[in-house]
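Numbered from 1 within each chain, the chains take letters A, B, ... in sequence-line order.
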Amino acid sequence: MDDDLNELEQVLRDRAAEVPHIQDVPPTMLGRARRRVARNAVASVLGAVLIVAGASAGVANLGLLHGSGGTIPVHSGSVAPPSTGCAASDLQGRVSLEGAMGSVEGSIDLTNVGGATCILTGRPAVSISDAQGNEVRVQVTASEPQWKVNTAPQPQGWPVVSLQPGSAASVRVRWSNACPQLSGPVSWKIDLGNGAGTLDPSSADASFVPPCNGPTEPSTLEVGPFEPSAGG
Amino acid sequence: MTDAPGGRLAELYVRHAAEATRLAYMLTGDRQLAEDLVQDAFVKLAGRLVHLRDPGAFDAYLRRTIVNLANSHFRRKRVERSYLSRSGAEPPRMGDAPDTGRRDELWHGLQRLPVRQRTAIVLRIYEDLPEQRVADILGCRPGTVRSLVSRGLAELRIHVRSDGDG
């Protein structure tokens with residue numbers, strides 16, 4: 001059974017290797033894309049006109065119903081966050097990764113193992129070291145949180161993440177194009193920022209490294225902001 | 001109009017097109033068709049780039065778009081085959097290339113599987129995605145993904161065995 005799967009996986013990898021790295025952008029595709037964007041823009045303008053017209057009619061109806069032009073009170077549902085920032089010593093980290101279209105992606109989960117609620121905000125600094133302990137050179141870029149990628153509703157309180165004891169926050173990471181190809185396990189480090197300290201998260205996926213698809217291209221590491229962990 | 005699709009799309013294309021083409025190739029078994037599907041996917045996504053500020057989100061959309069386009073392609077082919085069979089013409093069969101070994105048999109066998117089984121196998125085994133992610137892409141439950149993969153692999157074994165016998 002495993003032999004069959006391994007053989008099939010190898011077949012797929014061999015076939016994938018037939019597709020070379022792509023450097024040139026087909027001009028016809030860009031032309032089609034421009035036309036599509038222009039068409040969408042026209043559709044959006046028409047849509048906006050219809051919405052404004054509909055809203056105006058709605059407001060006019062409200063005025064008729066209530067007999068006045070009073071403003072509608074807006075209720076703010078924001079909750080004051082606790083004031084203590086999480087220190088590295090309050091947290092236990094774990095890196096979970098999976099392969100994705102020539103990259104590895106996943107999250108660094110940080111569990112509050114302290115006795116009090118603390119908060120995390122912003123975006124940590126993440127670095128990777130090879131099996132020899134040398135820092136891997138990566139071009140770090142900021143990416144969006146997982147909830148946005150999943151088009152899920154914004155978590156309550158975000159971008160402040162309030163961590164009760166036992167609950168976890170998460171940072172989305174995606175690493176691409178590790179060149180030259182790394183062979184051994186790697187280790188991850190996360191700096192919480194604001195002098196809160198650094199953690200060496202554990203990982204069962206330490207041997208997960210992305211393939212070297214473009215030897216002349218930089219290795220990139222996308223890092224998201226702190227967000228509540230999907231697992232709680 | 002600004003050069004938004006030109007500049008950003010070109011950058012995303014250079015970055016993702018090769019991997020996207022590999023995925024489309026796994027799903028279709030046809031390099032040229034795979035390249036066409038990938039270009040179609042980029043054109044489709046160009047209109048949504050303003051809403052996609054996160055480069056990390058792009059490949060999830062791209063993957064899903066390619067899977068959908070491949071499904072649409074095979075749906076159209078089914079209609080075409082059905083028309084051709086009604087009109088008495090012989091439809092061209094996919095995966096008729098001569099087999100030169102067990103690995104070719106596996107590849108051609110994979111291409112003969114129903115499209116959802118093939119997609120589930122490619123996303124699980126080649127893309128190494130967890131069942132939940134595959135389920136999200138296919139619009140089904142993780143249990144269905146397990147079943148699609150398991151049935152697909154069973155059929156693949158039968159294909160390979162019968163090809164080897166014949």
Proximity breakdown for A:E18 and chain B, heavy-atom pairs closer than 4.5 Å = both
Basic-acidic side-chain contact under 4.0 Å: A:R13, A:E9 | yes
Pair count under 4.5 Å, heavy atoms only, with chain B: among A:L12, A:T28, A:D14, highest is A:L12
Using a cut-off of 6.0 Å, state whether more than 12 heavy atoms not belonging to A:R137 lie near its atom CZ.
-> no
Going by the angle between their ring planes, with limits at 30° and 60°, are B:F58 and B:H16 parallel, tilted or perpendicular?
-> tilted
Tell me, side chain or backbone of B:Y126 under 4.5 Å from chain A's heavy atoms, or both, or neither?
-> both
Does the side chain of B:I125 reach to within under 4.5 Å of the side chain of A:L8, using non-hydrogen atoms?
-> yes
Heavy-atom pair of closest approach, residues A:S127 and A:E135 = CB-OE2, 3.8 Å
From the list A:V19, A:T220, A:D24, the residue making the most non-hydrogen contacts under 4.5 Å with chain B is A:V19
Heavy-atom closest pair (A:P124 atom, A:V223 atom, distance to 0.1 Å) is O-CG1, 3.9 Å
Could you check which of B:L156, B:V43, B:L110, B:I121 has the highest count of heavy-atom pairs closer than 4.5 Å to chain A?
-> B:V43
Measure B:R103 against the heavy atoms of chain A and call it side chain, backbone, both or neither at under 4.5 Å.
-> both
Please look at A:R32 and chain B and tell me whether the side chain, the backbone, both or neither of the residue comes under 4.5 angstrom of a heavy atom of that chain.
-> both
Any ion pair linking B:D104 and A:R15 (charged N to carboxylate O, less than 4.0 Å)?
-> yes
Heavy-atom contact with chain A under 4.5 Å, split by part of B:D136 = neither
Sort A:N177 into side chain, backbone, both or neither according to what part of it lies under 4.5 angstrom from a heavy atom of chain B.
-> neither
